[in-house]
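So you know, we letter chains A, B, ... as the sequences are listed, proteins then strands, and number each from 1. Being a predicted model, the structure only gives us computed values, none of them experimental.
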Amino acid sequence: MHRWSTLFIPTLREAPADAEVASHKLLVRSGYIRQLGAGIYSYLFLGQRSINKIIGIVRREMDTIGQEFLLPALHPRELWEASGRWAVMGDNMFRLKDRKGADLCLGMTHEEVMTDIARKELRSYKQLPQIWYQIQTKFRDEPRPKSGLLRVRQFIMKDAYSFDIDAAGLDVSYQKHRDVYCRIFDDCGLKYMVIEAHSGAMGGSQSEEFMVRTPAGEDQVVSCDQCNYAANLEKATSKLDAVQDLAPEGDGLPMEVHTPAMKTIEDVSKFLGISPKNNIKTLAYMATEMDAKTGKSSLRQVVVFMRGDHPLNESKFSTALQGREFRPMVEDEIKSLFGSPAGYLGPRGIEFADVLSGSGKAVLLVDDALKGRVNLVGGANKEEYHLKNLTPGRDFTPTAYADLRAAAAGEGCPNCGAPLRIDTAVEIGHIFKLGYKYSESMNARVLDHNGKEVAPIMGSYGIGIERILTSAIEQNNDDNGFCLPPQIAPFEVVVTPTNVKDAALAAVADDLARQFEAAGFDVILDDRDERPGVKFKDADLVGIPYRVTVGKKASDGVVEVVNRAQKETLDVKIEEAVKHLGSLLRPGKF
RNA sequence: CGGGGCGUAGCGCAGCCUGGUAGCGCACCUGCCUUGGGCGCAGGGGGUCGUAGGUUCGAAUCCUAUCGCCCCGACCA
């Protein structure tokens with residue numbers, strides 16, 4: 001039996017001064033974790049116990065669809081060269097050399113290692129599908145670790161990889177993971193959402209994230225309270241109210257108008273007495289083009305037109321550029337393309353490319369919100385002048401239309417039209433249809449039923465173990481501490497005698513704790529010679545969902561069962577305590 | 001990488017401006033006392049003042065460099 005008096009549970013009255021978010025303060029105060037360096041933490045007794053319970057749930061559920069492996073954390077450079085990610089990962093990858101000078105890195109994810117196994121071992125469609133997973137430590141040299149365990153440089157991830165013969169098979173593997181993830185997070189007692197996610201520069205056809213709403217989160221989630229629409233801001237769309245186009249002026253063709261010192265959309269709109277919605281916002285970027293053969297990079301001009309009141313979403317922009325890196329143009333670059341300083345930029349006089357890559361011409365990406373609009377106002381590419389009557393398709397031809405706009409709270413849900421909300425959230429899981437990226441680049445091949453060599457199609461699926469703990473704490477804490485769902489708490493119940501010097505009380509408490517243990521509850525006996533207040537405070541702090549107080553009423557055969565989360569106390573007869581707790585912890589079994 | 005802040009006992013902080021015995025609260029140890037919400041009394045232990053160099057008779061304090069940590073931003077398969 002676990003006796004508090006013999007355990008190392010270093011609780012603190014005060015939180016470290018540099019802790020900002022609730023879970024960070026409380027994990028340190030409750031003696032779950034201690035910091036070793038920026039984004040590097042030790043998990044002490046209670047922390048590790050809780051992590052182990054979370055891992056237990058993840059493993060139990062993952063075993064219903066896949067097979068557990070354990071891959072190395074130390075990877076040779078060659079493996080990452082094969083997928084092309086040795087260069088792509090940049091400073092986020094921890095790199096080191098061995099004694100012979102060979103380059104190694106610490107694994108930040110394991111597509112490469114898994115694919116390496118697949119390419120060496122899988123030969124036939126008959127061996128597919130496969131789902132392989134592991135629960136293992138990942139290393140990522142984050143530019144800015146923060147918020148305790150929420151953003152760290154070393155953490156535990158459950159990562160899974162599926163190999164299928166075709167897209168239909170991948171759909172099945174993907175759905176299996178989606179279902180299992182829901183069971184896992186339900187079992188962990190989390191309130192979460194499944195949202196559409198940005199597939200990222202890696203391509204991939206579909207991706208969903210499992211998100212927990214909390215102010216401590218770093219992601220922004222757009223969701224609808226009326227229907228089930230939910231998406232990452234990087235991906236979210238919205239319905240816009242119809243906009244009244246301006247009537248044509250003069251002959252209806254682009255017409256110069258003098259706009260002295262009117263550089264911003266706001267200034268121009270006011271000056272001309274129009275809405276920013278009738279303006280074109282012109283943004284100018286330089287994208288990096290990589291020559292596949294020579295590996296040489298060159299710069300490419302990219303112009304973006306948005307509706308005047310709309311912000312650009314850089315993730316969508318990156319997708320539209322097919323992953324090319326980009327940066328804003330500097331002043332000289334603007335002048336050389338537009339012939340005008342910023343503030344008066346527009347389409348006039350520029351011949352844009354008709355395709356994204358190939359020609360050396362500037363690329364023009366136009367946001368979907370401008371499709372079908374007429375008589376817009378934009379810069380004239382001439383200092384202190386704008387143009388009226390600008391109409392896409394007639395006065396300029398986009399290289400492509402694209403969804404580039406960031407959705408905003410209050411705009412209409414794309415499904416049902418109800419107002420959208422935007423919340424911050426923590427990403428606890430991500431499932432991803434990878435496609436052929438790794439099997440192609442790393443040359444994994446199996447024979448299909450026609451005897452033809454094909455690349456298996458892959459999926460990858462991740463769960464951040466620590467983030468389950470942190471988001472559970474973020475969702476359920478108060479001034480006294482936090483309360484974890486019993487399934488992931490380090491203990492399910494603490495038995496607290498109010499005075500261990502009182503032999504009768506101590507005996508009742510000891511006996512009760514033994515009964516709980518015999519009944520299969522995860523129990524800790526707080527047998528410390530401390531005042532009751534100290535023990536109550538500690539019990540409240542460390543997240544144990546139930547406390548059984550053995551005090552004055554014990555002589556009448558009664559103990560108190562305290563529900564930490566509800567802050568409710570119930571008197572229970574000692575001989576019924578096991579049954580009562582059983583009904584709380586193991587519904588249906590007692 | 002840009003901006004800001006902080007490094008003094010395990011935790012939270014004062015002292016620094018104006019150089020001269022290193023301090024407070026909590027925690028810890030001993031004894032007594034107390035026992036339903038971090039109790040009280042008495043005694044005690046613990047600090048290369050992040051590190052290195054400089055100025056000075058003398059540096060926690062002034063100067064220079066450097067390292068670490070935190071926050072904002074950039075970034076984030």
Side-chain angles (χ1 to χ4, degrees), chain A residues 8 10-21 24-25 28-29 31 34-41 80 83-93 105 107-112 138-148 150-153 155 157 159 161 197-204 207 209 217-220 232 234 314-315 318 323 325-328 427 430-432 434 437-438 458 460-462 464 479-481 496-502 505-506 526 528-542 547 549-554 559-560 562 567 569:
Chain A
F8 181 62
T11 59
L12 303 173
R13 278 193 206 211
E14 289 171 289
D18 51 21
E20 296 277 320
V21 303
H24 184 196
K25 290 179 186 169
V28 174
R29 281 192 58 204
R34 287 294 185 261
Q35 183 174 27
L36 186 61
I40 311 174
Y41 288 86
W80 287 78
S83 70
R85 292 209 290 182
W86 179 263
V88 172
M89 290 307 191
D91 289 337
N92 262 24
M93 180 181 261
C105 67
M108 42 199 302
T109 175
H110 283 72
E111 281 83 5
E112 279 79 0
K138 299 283 183 275
F139 299 88
R140 296 182 187 183
D141 194 0
E142 291 286 343
R144 192 149 91 79
K146 57 183 287 199
S147 306
L150 273 176
R151 188 161 209 73
V152 288
R153 297 197 292 173
F155 60 97
M157 178 187 267
D159 49 322
Y161 306 85
H198 178 60
S199 292
M202 312 302 290
S207 154
E209 289 165 327
E218 296 184 283
D219 284 283
Q220 292 196 289
N232 197 304
E234 295 175 344
E314 295 201 343
S315 298
S318 169
E325 290 189 13
F326 59 87
R327 59 162 176 80
E427 178 187 348
H430 197 162
I431 55 178
F432 206 107
L434 273 182
K437 179 181 168 58
Y438 299 93
M458 294 175 58
S460 78
Y461 317 88
D479 291 344
N480 288 328
T496 307
T498 54
N499 181 1
V500 293
K501 290 224 171 104
D502 182 327
L505 284 189
D526 191 353
R528 292 175 297 168
D529 182 15
E530 290 285 355
R531 297 171 59 82
V534 173
K535 300 204 225 184
F536 294 161
K537 286 284 186 194
D538 272 346
D540 285 351
L541 177 61
V542 302
R547 184 181 86 216
T549 306
V550 180
K552 292 172 196 149
K553 302 172 199 162
V559 294
E560 293 167 7
V562 182
K567 297 180 176 128
T569 301

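- When all heavy atoms are compared, the tightest approach of A:A506 to A:V500 is CB-O, 3.8 Å.
- When rounded to the nearest whole Å, the span between CD of A:E142 and C1' of B:G73 equals 15 Å.
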Check nucleotides 5-7 of chain B against the protein and report each pair of N or O atoms closer than 3.5 Å, with its distance, or say if there are none.
none

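- Residues A:K437 and A:E111 fail the side-chain proximity criterion, which asks for heavy atoms closer than 4.5 Å.
- Among B:A77, B:G38, B:G36, the nucleotide with an atom closest to any side-chain atom of A:T11 is B:G38.
- Between the side chain of A:R153 and the backbone N or O of A:I40 there is no donor-acceptor pair closer than 3.5 Å.
- The P atoms of B:C62 and B:G5 are separated by 15 Å, rounded to the nearest whole Å.
- Summarising the geometry, the separation between OH on A:Y438 and P on B:A77 is reported as 11 Å, rounded to the nearest angstrom.
- Distance from the side chain of A:P143 is smallest to B:C75 among B:G37, B:A77, B:C75.
- Residue contacts for A:M157: at a heavy-atom cut-off of 4.0 Å it reaches a base atom on one of the strands shown.
- Atom CE in A:M93 sits 11.0 Å away from atom CG in A:D141 (nearest 0.5 Å).
- B:G7 and B:G47 are spaced 14 Å apart, taking the C1' atom of each and rounding to whole Å.
- Figure legend. B:C24 is base-paired to B:G12; pairs are counted as Watson-Crick or G-U wobble with both atom distances under 3.5 Å.
- Per the geometry, CG belonging to A:D540 stands 11 Å off C1' belonging to B:G38, to the nearest Å.
- To the nearest whole angstrom, the two P atoms, one in B:G45 and one in B:G3, are 47 Å apart.
- Following rounding to the nearest Å, A:D538 (CG) and B:A27 (P) show an atom-to-atom distance of 12 Å.
- Taking the side chain to side chain donor-acceptor pair (under 3.5 Å) definition, one finds that A:T11 meets it with A:D538, sequence neighbours left out.
- For A:K552, the side chain to side chain donor-acceptor pair (under 3.5 Å) criterion is met by no residue, not counting sequence neighbours.
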Polar atom pairs between nucleotides 69-72 of chain B and protein, under 3.5 Å, N or O only, would you list them?
| residue | atom | partner | partner atom | Å |
| --- | --- | --- | --- | --- |
| B:C69 | OP1 | A:A38 | N | 2.8 |
| B:C69 | O3' | A:Q35 | NE2 | 3.4 |
| B:C69 | O2' | A:D18 | OD2 | 3.3 |
| B:C70 | OP1 | A:Q35 | NE2 | 3.0 |
| B:C71 | OP1 | A:S147 | N | 3.4 |
| B:C72 | OP2 | A:R144 | NH1 | 3.0 |
| B:C72 | OP2 | A:R144 | NH2 | 2.6 |

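- Rounded to an integer number of Å, the gap from A:F8 CZ to B:A27 P is 16 Å.
- With values rounded to the nearest 0.5 angstrom, A:Y41 atom OH is found 4.0 Å from A:Q35 atom CD.
- Formation of a donor-acceptor pair under 3.5 Å by the A:K535 side chain with backbone atoms of A:R528 is found in this model.
- For A:R327, the side chain to side chain donor-acceptor pair (under 3.5 Å) test picks out A:E333, with sequence neighbours left out.
- Atoms CG and CD, on A:D219 and A:E427 in that order, are 5.5 Å from each other to the nearest 0.5 Å.
- Donor-acceptor pairing under 3.5 Å, judged by distance alone, is absent between the side chain of A:R85 and the base of B:A77.
- Counting to the nearest Å, the C1' atom of B:G36 and the CZ atom of A:R547 are 9 Å from each other.
- Remark: B:G68 base-pairs with B:C6. Criterion, Watson-Crick or G-U wobble with two distances under 3.5 Å.
- Going from atom NZ of A:K537 over to atom C1' of B:G36 covers 12 Å, rounded to whole Å.
- The separation of B:C63 from B:G19, taken at their C1' atoms, amounts to 13 Å, rounded to a whole angstrom.
- At a cut-off of 3.5 angstrom, the base of B:G38 holds no donor-acceptor pair with the side chain of A:R528.
- Between B:G68 and B:G25, the distance separating the two C1' atoms is 26 Å to the nearest Å.
- If you take CG on A:D526 and OG1 on A:T549, they are separated by 10.0 Å, rounding to the nearest 0.5 Å.
- Side-chain N/O atoms of A:N480 and base N/O atoms of B:G37 include no donor-acceptor pair closer than 3.5 Å.
- Both distances falling under 3.5 Å, in either a Watson-Crick or a G-U wobble arrangement, occur for no nucleotide opposite B:G45.
- Closest to the side chain of A:E314, from the set B:G37, B:C11, B:C75, is B:C75.
- Of all nucleotides listed (B:G36, B:G37, B:U35), B:G36 comes nearest to the side chain of A:K552.
- For the atom pair OH of A:Y461 and CE of A:M157, the computed distance is 14.0 Å after rounding to the nearest 0.5 Å.
- Within 4.0 Å of A:T498, counting heavy atoms only, lies at least one base atom of the nucleic acid.
- Straight-line distance between the C1' atoms of B:G31 and B:G23: roughly 26 Å, to the nearest whole Å.
- As rounded to whole Å, 17 Å separates atom P of B:A77 from atom CE of A:M458.
- If you check B:G58 for Watson-Crick or wobble pairing at under 3.5 angstrom, you find it has no partner at all.
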Distances for protein N or O near nucleotides 28-34 of chain B N or O, under 3.5 Å:
| residue | atom | partner | partner atom | Å |
| --- | --- | --- | --- | --- |
| B:U34 | O2' | A:R531 | NH1 | 3.3 |
| B:U34 | O2 | A:R531 | NH1 | 3.1 |
| B:U34 | O4 | A:K501 | NZ | 3.4 |

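- Distance alone, capped at 3.5 Å, places no donor-acceptor pair between the A:K501 side chain and the A:D529 backbone.
- Comparing the same atom, P, in B:C71 and in B:C13 gives a spacing of 15 Å after rounding to whole Å.
- The residue A:S460 sits apart from the nucleic acid: no heavy atom pair falls under 4.0 Å.
- The shortest distance between the side-chain N/O atoms of A:R13 and the OP1/OP2 oxygens of B:G12 is not below 4.0 Å.
- Using modelled atom types, one side-chain atom of A:R29 and one backbone atom of A:L12 make a donor-acceptor pair closer than 3.5 Å.
- Checking B:G36, B:U35, B:G38 against every side-chain atom of A:V534, the shortest atom distance belongs to B:G38.
- Here, B:C29 and B:C39 have their P atoms 14 Å apart, quoted to the whole Å.
- No contact: A:R327 has no heavy atom under 4.0 Å from any strand.
- Base pairing of B:C1 is made with B:G73, judged by Watson-Crick or G-U wobble geometry with both donor-acceptor distances under 3.5 Å.
- Put simply, OH on A:Y161 and CD on A:E112 are 8.5 Å apart, with the number rounded to the nearest 0.5 Å.
- Checking B:G40 for Watson-Crick or G-U wobble geometry (two distances, each under 3.5 Å) identifies B:C32 as its partner.
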